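Each chain gets a letter, A, B and so on, in the order the sequences are listed, and its residues count up from 1. The structure presented is a predicted model; accordingly, all values stated were derived computationally and were not measured.
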Amino acid sequence: MKRLIIVESPTKAKTIKKLLGDSYKVVASFGHVVDLPTDRMGVDIGGTFDPEFCVIKGKAKIISELKRLCREADEVYFASDPDREGEAIAWHLKRIIGLDNKVLRITFNEISKEAIEEALKKPRDIDLNLVGSYLARRVLDRIFGYSLSPLLWRRFKSGLSAGRVQSVALKLICDREREIRNFKVKEYYRVKVKLVDELKREFFTYVTRYRGKKVDKIESEELARGIANLIKSGSIYLFDVIEKLKKEKPPPPFTTSTLQQSANSMLGYPVSLTMRIAQDLYEGLDIPGFGRRSLITYMRTDSTRISEKAAKSLKDFVRNLYGDEYVGKIKPRNVRFKNVQDSHEAIRPVNVFLKPDDISGRVKKEHWKLYELIHRRSVASSMSEAKILVKTFLFRLDPFDLELETKRQLLVFDGFYRVWRTQGFDEDLSLTKGRKVEVVDLEVEKEKTEPPPRFTEASLIKVLDEKGVGRPSTYAVIISTLLKRGYVERKKKTLVPTELGIRVCELLELLFPDLMDVKFTSQMEEGLDRIASGESSWKDVVKVFYDRFEWDYRKAMEAVKNNDI
DNA sequence: CAGTGAGCGAGCTTCCGCTTGACTT
């Protein structure tokens, strides 16, 4: 009995092969093998909406090889990812290979011997509802992209592009730029007082209230100076100390988006570099003394889930290194329940016990740094909560009705902060309630309100991820598209819209306000969910969205042709 | 007669999402 398993990725194939031994042949399709044609719409717009699928350039060889292997096999299992695109890949393969009788679909959320064997026991048919949701997604993206882009060629210049994802990303950047440009800088004053505690340590406080009113940001310089003068003629005493115990939860393990964010802000890696290195770590490196090793799990994921086995290893690791009290109490509660398609685990080390120190100097510095980051984050995610005591010291000024305040964040128990420190903490102050405090220095500070910051690659991806726009495999591509089209430029670490970017964005906002709203994708996702659950047919959903679009589009094309806009 | 230049027409660009190598810089 010859049995064949087809998956998307050659690395996944290799792993499964190792787990199952010789009884199965495991091969990869290298992602999608068919898609809409690139040189034309390829969709029967306004009619049946039937898509025209073609073999993707360069994939013909893979297909013929798969066909050959399928012919030789008695049973064929499609084991692509358990999500929308995975189901679509299986569906396309089945159609193109054309061997209906012996084709079976299996899915598993974890690449382990048990999970795969379990899946092999209960193969199912291809889920046509899920495939329908893919078809709707694919067709709508094509219609929007291949209609809007030519509009821009006509209005601006050849080669430009627009689409559901990239145009929303562009709008986020342009909106922020507008906010910055329209920002009215406000000046204000603060009265800053340097005091000394009972151990002669200096610290700052700010005046917060005067005659029952908040005065932490004072508009008039005179008032600020007046308050400062009061302090000169009065005496400050500690009125009260308010204590609040705060528990800080550890961060979840990395997803693609959070890895890109952390690597960008902490290591300074552009998103594209992070993905290239992560791919290397995933596929495996030759490490002197260790042989060829895959260091991390799959790097394109939006799940924070971790396999039970890995979770146990992480806890053992923490217990060995830091002791029981550092082990996280709760099970992985960091799972996000939105439209998580949850086909892959979070990004974590394959083996936590392979410490970054062990491979230091044996892999490239860039690779080492990213592995260290992933390792540390995974360890932190399974550690205990930190406990922070927030102490608010309230001072008063005798004999005036004036209040000063200073806050101290004291680390009571570091917990996960032991390995994942994102903020600093303070030392306690030695002060006694009711006792007078000596003033060392007094200052009226002039401050300015700051406009919001420009997006960095990291902060843009954070927003896109939160809004559900784009997928892990496309975050990096979105940014490079905006750069390639000349819509956006890199300045230092930030993304700044160009004149062209702003004009394109304004035109699209004017003509297609629906599409340019970040809510559009989530509305579309709702429609896709209805298809997946069998409530709607994919063509009905496409029709609804298309009709909405078509009306705007006709008007828009007319206006652009007549040079009205 | 050969070279130049204006003017015209044809052909191309483009989406999002899944995956690696095979290219060049």
Let me know the distance between CZ of A/R471 and P of B/dC15, rounded to the nearest Å. 19 Å
Could you work out, with salt bridge (charged side-chain N to carboxylate O under 4.0 Å, His left out) as the rule, every residue matching A/R105, not counting sequence neighbours? A/E87
Mind checking if A/D39 touches a base, just sugar-phosphate, or nothing, with heavy atoms under 4.0 Å? base
Would you kindly give the NZ-to-C1' distance between A/K57 and B/dT20, to the nearest whole Å? 15 Å
Answer with base, sugar-phosphate or nothing: what part of the nucleic acid does A/F144 contact at a heavy-atom distance below 4.0 Å? nothing
Please report the distance, rounded to the nearest Å, between OH in A/Y134 and C1' in B/dC15. 12 Å
With the six-membered base ring of B/dT13 as reference, does the ring of A/W153 sit under 5.5 Å away with planes under 30° apart? yes
Looking at B/dT20, B/dC15, B/dC18, which one has an atom nearest to any side-chain atom of A/R485? B/dC15
Begin from the C-alpha positions of A/D540 and A/S536 and carry the test side-chain hydrogen bond (donor to acceptor under 3.5 Å, both in side chains) through to its verdict. CA-CA 7 Å; A/D540 285 346; A/S536 315; over 6 Å; no
Could you check whether A/S381 and A/S378, counting side-chain N and O atoms only, form a donor-acceptor pair closer than 3.5 Å? no
Out of B/dT20, B/dC18, B/dC16, minimum distance to the side chain of A/D141 belongs to B/dC16
Here the distance between atom P of B/dT14 and atom CD1 of A/I143, to the nearest Å, is 20 Å
Whole-Å distance separating the CG atom of A/L170 from the P atom of B/dC16: 12 Å
By nearest nucleotide on DNA chain B, pick out whichever of A/P150 and A/K12 is the more 5' one. A/P150
Could you check whether A/Y298 gets within reach of a base, just the sugar-phosphate, or nothing at all, counting any heavy atom under 4.0 Å? sugar-phosphate
Any side-chain heavy-atom pair from A/T301 and A/P472 closer than 4.5 angstrom? no
Proximity to the side chain of A/H32 - top-ranked nucleotide from B/dG17, B/dT20, B/dC15: B/dG17
When we call it a touch if two heavy atoms are under 4.0 Å apart, what does A/S158 touch: a base, just sugar-phosphate, or nothing? base
Less than 4.5 Å apart, side chain to side chain, heavy atoms only: is that true for A/S29 and A/L93? yes
For residues A/I6 and A/C70, determine if any side-chain heavy atom of one lies less than 4.5 Å from a side-chain heavy atom of the other. yes
Roughly, in whole Å, what's the span from NE2 in A/H92 to C1' in B/dG17? 11 Å
Between B/dT20, B/dG17, B/dC15, which one does the side chain of A/R138 approach most closely? B/dC15
Starting from C1' on B/dT19, measure out to CG on A/D83 and report it in whole angstrom. 13 Å
For the side chain of A/E85, starting at C-beta, report the closest nucleotide among B/dC15, B/dT20, B/dC18. B/dC18
A/G470 near the nucleic acid: base, sugar-phosphate alone, or nothing, with a heavy-atom cut-off under 4.0 Å? sugar-phosphate
Base, sugar-phosphate, or nothing: which does A/G159 touch, judged by heavy atoms less than 4.0 Å apart? base
Minimum-distance nucleotide to A/S161 side chain [options: B/dC18, B/dT14, B/dG21]: B/dT14
Is the distance from OP1 or OP2 of B/dT20 to the nearest side-chain N or O of A/R300 less than 4.0 Å? yes
Contact class for A/T38 vs. all strands (heavy atom < 4.0 Å): base, sugar-phosphate, or nothing? base
Phosphate contact (B/dG17 OP1 or OP2) by A/R164 side-chain N/O below 4.0 Å: yes
Students often get this wrong, so: under 4.0 angstrom with heavy atoms, is A/L160 touching a base, only sugar-phosphate, or nothing? sugar-phosphate
Give one of base, sugar-phosphate or nothing for A/A88, where a contact means two heavy atoms less than 4.0 Å apart. nothing
For atom CD of A/E65 and atom C1' of B/dT19, their distance in whole Å: 17 Å
When you check the phosphate oxygens OP1 and OP2 of B/dC15, does a side-chain N or O of A/S149 lie under 4.0 Å from one of them? no
Please tell me if the side chains of A/I374 and A/L295 come closer than 4.5 Å, counting only heavy atoms from C-beta onward. no
